[in-house]
> 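Can you read through this structure? Questions will come right after.
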There are 2 protein chains.
Amino acid sequence: MFKKAKQTRVFQDVVEQIQDAILNGKLEPGSKLPPERTLKDIFNTSRGTLREALRVLEQKGLIDIKLGVAGGAIVKRIDAEPIIESLALLIRSGEVSLEHISEFRIKIEGSMMELAAEHAKKKDIQELESLFNEAKAFYNNNEWENFLKTDEKMHTHIGMMTRNPIFRFVQKSIHDNIHRYYAEHLSMNKKRALENLTDFKKIIAALKINDAKTASSIIMDHVKRFSDKMQKNR
Amino acid sequence: MFKKAKQTRVFQDVVEQIQDAILNGKLEPGSKLPPERTLKDIFNTSRGTLREALRVLEQKGLIDIKLGVAGGAIVKRIDAEPIIESLALLIRSGEVSLEHISEFRIKIEGSMMELAAEHAKKKDIQELESLFNEAKAFYNNNEWENFLKTDEKMHTHIGMMTRNPIFRFVQKSIHDNIHRYYAEHLSMNKKRALENLTDFKKIIAALKINDAKTASSIIMDHVKRFSDKMQKNR
DNA sequence: ATAATTAAATGGTTTAACCATTATAACAAA
DNA sequence: TTTGTTATAATGGTTAAACCATTTAATTAT
């Protein structure tokens, strides 16, 4: 029925005003806020209070602070950063385990593959094929670091194909945290790389005949294999 | 290869120390930090700098601040709040639309239903049946507000049944934001309520025979119907 | 026993100064 | 002229000391 009554802290009022300006597009990404000493006059507050507001905006991922002459608060383009950090806290606190993330990731990548298949345009399939050939070349040369990068690019492109930014943000949040906390250094070998290549070949084939379920099922196995390997390696 | 070099701001060092203590469990949820005037001495910094650190910790959802005597910073139990707020920013910025959220929600609830079915214990099904009967009673009395609350409880319980906190957090983030920005006041009627009841009856039946795919497919339709209704109402 | 008042702890804000970093301008050297 | 060095000033980061505002607890009055 009722909402929480508003707090009366001055810095929160400042946060809301600047945040609203950013979210309404009155302040564009890349644009610079006035210096602290000017802002404090605009909002009729002290520099300390103003700086507390800037800390909050910074933590929300709405601004970056640059030092020195021509420095100051710069409006950021909104991205997955705050979600990545929130997930990181859940992991570090032990609230969420590698098994939890792996299970979630399998379901998410499966769902994304279905959507991607539904939206697949000729150009998307061409892009995936081009990435596939890139990966194949790295496979032939045993360039595992580059192979993994291309593998990631394929996942990312499938994310783009969903045409849904939430999936992209969630995908990136999972990916970044897995690599930050569980798989900093991945080992690869010819056998596993070939399995991955084969998966993507099958996925592309399935996309061409609009077989969303098959594509989804393949990528879920693909991700599961990666997860199992990772859990064995710990 | 390399990581971003650490910033040299004093308040960030304070944030990290307190954050680590919380995440390592050295500071338990509910426990109170010393007053600002003591903390500033402990960290050998000024009160202004210390307060900037507290703002960051507050924004991360790690502490709450209470005013007055016996007030101060209280360690919070980690929850979905920061993720909810991040998603809220994506929505308010226009980066994410109702259609995006609806599509995401359908896939998530479908995935959750599959996992819930896999983990379903007799007690879970009993709980769902009890909620079903509660909803039926509200249906008979045309108590729509209570009906919707029970409907939500059923979804939440399915979230619990996944045994995976990420799904619960994501589910709550979607739910809270949909109701904050798109469906503050839901209208219900006998026809739609009956459809919902029927869905849950079928879901429970599917769970009893361990038919995860059917249960999942029903709840996806169920959520889709809700989304369509919501989008028509705007 | 109850209500009103006072005191003290604690977060919130202000002011004024100084320190640290960095882009730019001015200058010096090749 | 070009290139490297040095000074300048803009701007964020930090500090110190004071006062204000809220809230709990103790005290006092009814």
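None of these values were measured; they are calculated from a predicted model. Letters A, B, ... mirror the listed sequences (proteins, then strands); counts begin at 1.
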> Students often mix this up, so state it plainly: with edges at 30° and 60°, are the rings of Phe167(B) and Phe104(A) parallel, tilted or perpendicular?
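Taking Phe104(A) first and then Phe167(B), their aromatic rings stand perpendicular (interplane angle over 60°).
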> Measure from CG on Leu39(B) to C1' on dG12(C) and round the result to the nearest Å.
16 Å
> For the pair made of CD in Glu36(A) and C1' in dG13(D), what is the distance, rounded to whole Å?
8 Å
> Between Phe11(A) (CZ) and dT14(C) (P), how many Å, whole number?
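These atoms are roughly 12 Å apart.
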> For the pair made of CD in Glu52(A) and C1' in dT15(D), what is the distance, rounded to whole Å?
15 Å
> So does Thr8(B) get a side-chain nitrogen or oxygen closer than 4.0 Å to the phosphate oxygens (OP1/OP2) of dA20(C)?
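Indeed not, no polar side-chain atom of Thr8(B) lies that close.
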> Between Lys40(A) and Val69(A), name the one whose nearest nucleotide on DNA chain C is closer to the 5' end.
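In this pair, the answer is Lys40(A).
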> Under 30°, 30 to 60°, or over 60°: which ring-plane class applies to Phe200(A) and His222(A), parallel, tilted or perpendicular?
perpendicular
> Rounded to the nearest angstrom, tell me the gap between atom CD1 in Ile74(B) and atom P in dT10(C).
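Result: 12 Å.
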> Using whole Å, report how far NZ of Lys66(A) lies from C1' of dT11(D).
11 Å
> In whole angstroms, how far is the C1' atom of dT10(C) from the CG atom of Leu54(B)?
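Atom-to-atom, Leu54(B) to dT10(C), this comes out as 12 Å.
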> Just compare dT11(D), dT15(D), dG13(D) and give me whichever is closest to any side-chain atom of Thr49(B).
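The nucleotide sitting nearest to the side chain is dT15(D).
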> Would you say Arg51(A) reaches dG12(D)'s phosphate, i.e. side-chain N/O to OP1/OP2 under 4.0 Å?
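For Arg51(A), the contact criterion (side-chain N or O under 4.0 Å from OP1 or OP2 of dG12(D)) is not met.
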> Quick check for you: among dT15(D), dT15(C), dT23(D), whose closest atom lies nearest to any side-chain atom of Ser46(B)?
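Between dT15(D), dT15(C), dT23(D), the one nearest the side chain of Ser46(B) would be dT15(D).
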> As a test of reading the structure: which of dG12(D), dT13(C), dT14(D) is closest to the side chain of Leu67(A), going by heavy atoms?
dG12(D)
> Which nucleotide, dG12(C), dG12(D), dT13(C), lies nearest any side-chain atom of Val10(A)?
dT13(C)
> Are any of Arg37(A)'s side-chain N or O atoms less than 4.0 Å away from OP1 or OP2 of dA9(D)?
no
> Surrounding NZ of Lys76(A) (heavy atoms of other residues, nucleotides or ligands, distance under 6.0 Å), is the total greater than 12?
yes
> With rounding to the nearest 0.5 Å, note down the distance linking CD1 in Ile101(A) to CD1 in Ile166(B).
5.0 Å
> Would you tell me whether Asp13(A) and Gln17(A) have side-chain atoms, one donor and one acceptor, within less than 3.5 Å of each other?
yes
> Does dG12(D) have OP1 or OP2 under 4.0 Å away from a side-chain N or O of Arg47(A)?
no
> Using the side-chain heavy atoms of Pro35(A), tell me which of these nucleotides is nearest: dG12(C), dT11(D), dT15(D).
dT11(D)
> From CG of Leu50(B) over to P of dA16(D), roughly how many Å is that when rounded to an integer?
13 Å
